[in-house]
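All remarks here apply to the structure that follows.
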Amino acid sequence: MARRSEAGVTIRAVAQRAGVSAMTVSNVINGAGRASAATVATVRAAIAELGYVPNLAARQLSKARATTVGLLYSDRRTPFLDAVLVGALRATNAHGLQLILREGEGVSRDEAERMAGELVRSGADALLVIPPFAEQLSGSRRITELGVPMAAIATGTAMPGVTTVRIDNRAAMLSITQQVIASGHRRIAYVAGPDRYSVVAARLDGFRAALHEAGIPEDAELVVRHGEFDYDAGKLAAQTLFRQPNRPTAVLCSSDDLAAGVVAQAHHAGLQLPQDLTVTGFDDTILASRIWPPLTVVRQPVEEMAFRAAQCLITALARSQPEISDEVFDHAIIKRNSIAFPTAR
């Protein structure tokens, strides 16, 4: 079912649907005045049906500040992060909220909890996080004690205590691996990324499932993990793979940045792409279409996912008992020029 935009829904529309005055609707939303249980239930049903989200900035004027969403992210600047920032800013700006940022590596749960606490003490009323902070903070007692809603995007699975907005990572990697296999490749490598991200296990499972389905034995030497999802990690992974006596004819990567590193190293090694080597990416950031050859990728709509996650936080802040949800967006395979039939060697 298509999502309804909240932007055009007003208190007056809710009042008309519920058959009450606008003042009654306002009182129910703010927990003020007196209304019967039946009236409260009718108003809440109208709010849910119409998808109304209050303008929290207006409600916070008496507190002398706007409602604030805090974004916790890794300090590695990537096109993926740029898309997250744009989506989060679109949502917060639309509702008159502030967005404050806190960056860091978050190498441990303690560190992630400390940074989240700093955001809340700086005025954050809700937290938006991306991996690996989502994995580190999910189920954290200290986060529960902060008493603020939290949403995460681009996780591998649903997570306890956190609203998640994601794609089906297993199905996505299964699909793109099937396309590479259909192009005739049998010696296929996979650059996985770091284990602390929940998407890594989900995507690796999809890759393995496609190999199994095609009757291709998995070669442990063709699955490479190199620390991060970034360009340098992709170059290192490619160096490892290209040193093998029988190098792979295709390399599937768990991010566009990893794939860009593999492509750069392949050019350095004198390989002709895609004739000598097929490479695929994941995310469909702007980088995927700007390198040569432009990458065939799994597209996850990162900006829209961040926008939706921020909307979920806005809704949670408007409710006395926020609900935890898991929303799965559709992914797509974007075909460009980085897949070709393997050449005989």
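Treat the numbers as computed from the prediction; the structure is a model and nothing was measured.
Linking ILVMFWY residues whenever their side-chain heavy atoms come closer than 4.5 Å, directly or via other members, places I153 and L89 in the same cluster. Tracing side-chain contacts under 4.5 Å through hydrophobic residues (I, L, V, M, F, W, Y), one never reaches L72 starting from V86; they form parts of separate clusters. When hydrophobic clusters are built by joining Ile, Leu, Val, Met, Phe, Trp and Tyr residues whose side-chain heavy atoms come closer than 4.5 Å, directly or via intermediates, I130 is not grouped with V199. The hydrophobic clustering, which links ILVMFWY residues whose side-chain heavy atoms are closer than 4.5 Å, places L241 and V200 together. Placement of M150 and I324 in two distinct hydrophobic clusters is found when ILVMFWY residues are connected by side-chain heavy-atom separations under 4.5 Å, directly or transitively.
To the nearest 0.5 Å, atom OG1 of residue T155 and atom CG of residue N169 are 7.5 Å apart. Note that the CD atom of Q179 and the CG atom of L174 stand 10.5 Å from one another [nearest 0.5 Å]. To the nearest 0.5 Å, atoms OG1 (T92) and CD (Q311) are separated by 11.0 Å. Taken to the nearest 0.5 Å, the CG atom of L99 stands 7.5 Å off from the CG atom of L85. If you take CG on D125 and CD on Q98, they are separated by 9.5 Å, rounding to the nearest 0.5 Å. Here L97 contributes atom CG and T68 contributes atom OG1; the two are 7.0 Å apart, rounded to the nearest 0.5 Å.
The two residues F133 and G104 have their closest heavy-atom pair at CZ-O, 3.0 Å. Closest approach of A266 and L273 over heavy atoms only: CB-CD1, 3.6 Å. Across all their heavy atoms, P132 and R196 have their closest contact at CG-NE, 3.9 Å. Summarising the geometry of V302 relative to A83, their closest heavy-atom pair is CG1-CB, 3.8 Å, with the distance given to 0.1 Å. In terms of heavy atoms, A158 sits closest to T164 at CA-OG1, 3.7 Å. What you find for V129 and A134 is that their closest heavy atoms are CG2-CA, 3.9 Å.
Pairs engaging residues 161-209 under the ring pair (Phe, Tyr, Trp, His ring centres under 6.0 Å) rule: Y190-F207, Y197-F229 [sequence neighbours left out]. Residue pairs meeting the salt bridge (charged side-chain N to carboxylate O under 4.0 Å, His left out) criterion with at least one partner in residues 82-91, sequence neighbours excluded, are R77-D82, R90-E303, R90-E304.
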Open item on the list: Show, in sequence, the C-alpha distance, side-chain angles and deciding distance for I176 and H331, and conclude whether the side chain to side chain contact (heavy atoms under 4.5 Å, CB included) test is met.
Closed with: CA-CA 11 Å; I176 198 167; H331 67 270; over 6 Å; no
- [ ] Mind running side chain to side chain contact (heavy atoms under 4.5 Å, CB included) on I143 and L146 for me, showing each step along the way?
- [x] CA-CA 5 Å; I143 295 301; L146 289 174; 3.8 Å; yes
- [ ] In sequence, state the C-alpha distance, the side-chain angles, and the governing distance for R114 and E111, and then conclude on salt bridge (Lys or Arg N to Asp or Glu O under 4.0 Å).
- [x] CA-CA 5 Å; R114 183 187 65 78; E111 179 68 5; 2.5 Å; yes
Open item on the list: Using the rule given for side chain to side chain contact (heavy atoms under 4.5 Å, CB included), can you reason through R203 versus L252, listing the C-alpha separation, both sets of side-chain angles and the distance that settles it, and then say yes or no?
Closed with: CA-CA 11 Å; R203 294 174 188 175; L252 280 64; over 6 Å; no
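With V180 as the partner, the side-chain contact (heavy atoms from CB on, under 4.5 Å) test is satisfied by one option alone out of T280, V279, T249: T280. Tested against V69, the residues L127, I100, L119, L313 include a single side-chain contact (heavy atoms from CB on, under 4.5 Å) partner, L313. For the side chain to side chain donor-acceptor pair (under 3.5 Å) test with E113, the passing option among R141, R142, Q136 is R142; the others fail.
Partners of S138 according to the side-chain contact (heavy atoms from CB on, under 4.5 Å) rule, which considers only residues two or more places apart in sequence or in another chain, are M159, P160, V162. In this view, D205 and R170 satisfy the salt bridge (Lys or Arg N to Asp or Glu O under 4.0 Å) rule, not counting sequence neighbours. Residues satisfying the side-chain contact (heavy atoms from CB on, under 4.5 Å) test with A41, not counting sequence neighbours, are none. Residues passing the side-chain contact (heavy atoms from CB on, under 4.5 Å) test with Q239 are L236, R243, Q265, sequence neighbours excluded. For T157, there are no side chain to side chain donor-acceptor pair (under 3.5 Å) partners at least two apart in sequence or on another chain. R186 pairs by the salt bridge (Lys or Arg N to Asp or Glu O under 4.0 Å) definition with nothing, not counting sequence neighbours.
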Please output the side-chain donor-acceptor pairs of residues 286-297 that fall under 3.5 Å, not counting sequence neighbours, one pair per line with the distance.
from : atom 1 : to   : atom 2 : distance (Å)
S289 : OG     : I286 : O      : 3.2
T296 : OG1    : R336 : N      : 2.9

Tabulate below the donor-acceptor pairs under 3.5 Å that side-chain atoms of residues 209-224 make, not counting sequence neighbours, or state none.
from : atom 1 : to   : atom 2 : distance (Å)
E213 : OE1    : Q178 : NE2    : 3.3
E213 : OE2    : Q178 : NE2    : 2.8
E218 : OE1    : R208 : NE     : 3.2
E218 : OE2    : R208 : NE     : 3.0
E218 : OE2    : R208 : NH2    : 3.4
D219 : OD1    : E221 : N      : 2.9
D219 : OD2    : R187 : NH1    : 3.3

Would you list the atom pairs, donor with acceptor, under 3.5 Å between side chains in residues 256-264 and any protein atom, with sequence neighbours excluded?
from : atom 1 : to   : atom 2 : distance (Å)
D256 : OD1    : F282 : N      : 2.9
D256 : OD2    : D284 : N      : 2.9
D256 : OD2    : T285 : N      : 2.6
D256 : OD2    : T285 : OG1    : 2.9

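Hydrophobic clustering, defined by side-chain heavy atoms of Ile, Leu, Val, Met, Phe, Trp and Tyr closer than 4.5 Å, leaves F341 isolated from every other such residue.
Taking 4.5 Å as the limit, some side-chain heavy atom of M305 sits within range of a side-chain heavy atom of I167. The side-chain heavy atoms of V298 and I333, taken from C-beta on, include a pair separated by under 4.5 Å. Side chains of N337 and P274 form no contact here, defined as non-hydrogen atoms less than 4.5 Å apart.
S255 and D283 are not linked by any side-chain donor-acceptor pair at a separation below 3.5 angstrom, with hydrogens and angles left out of the test.
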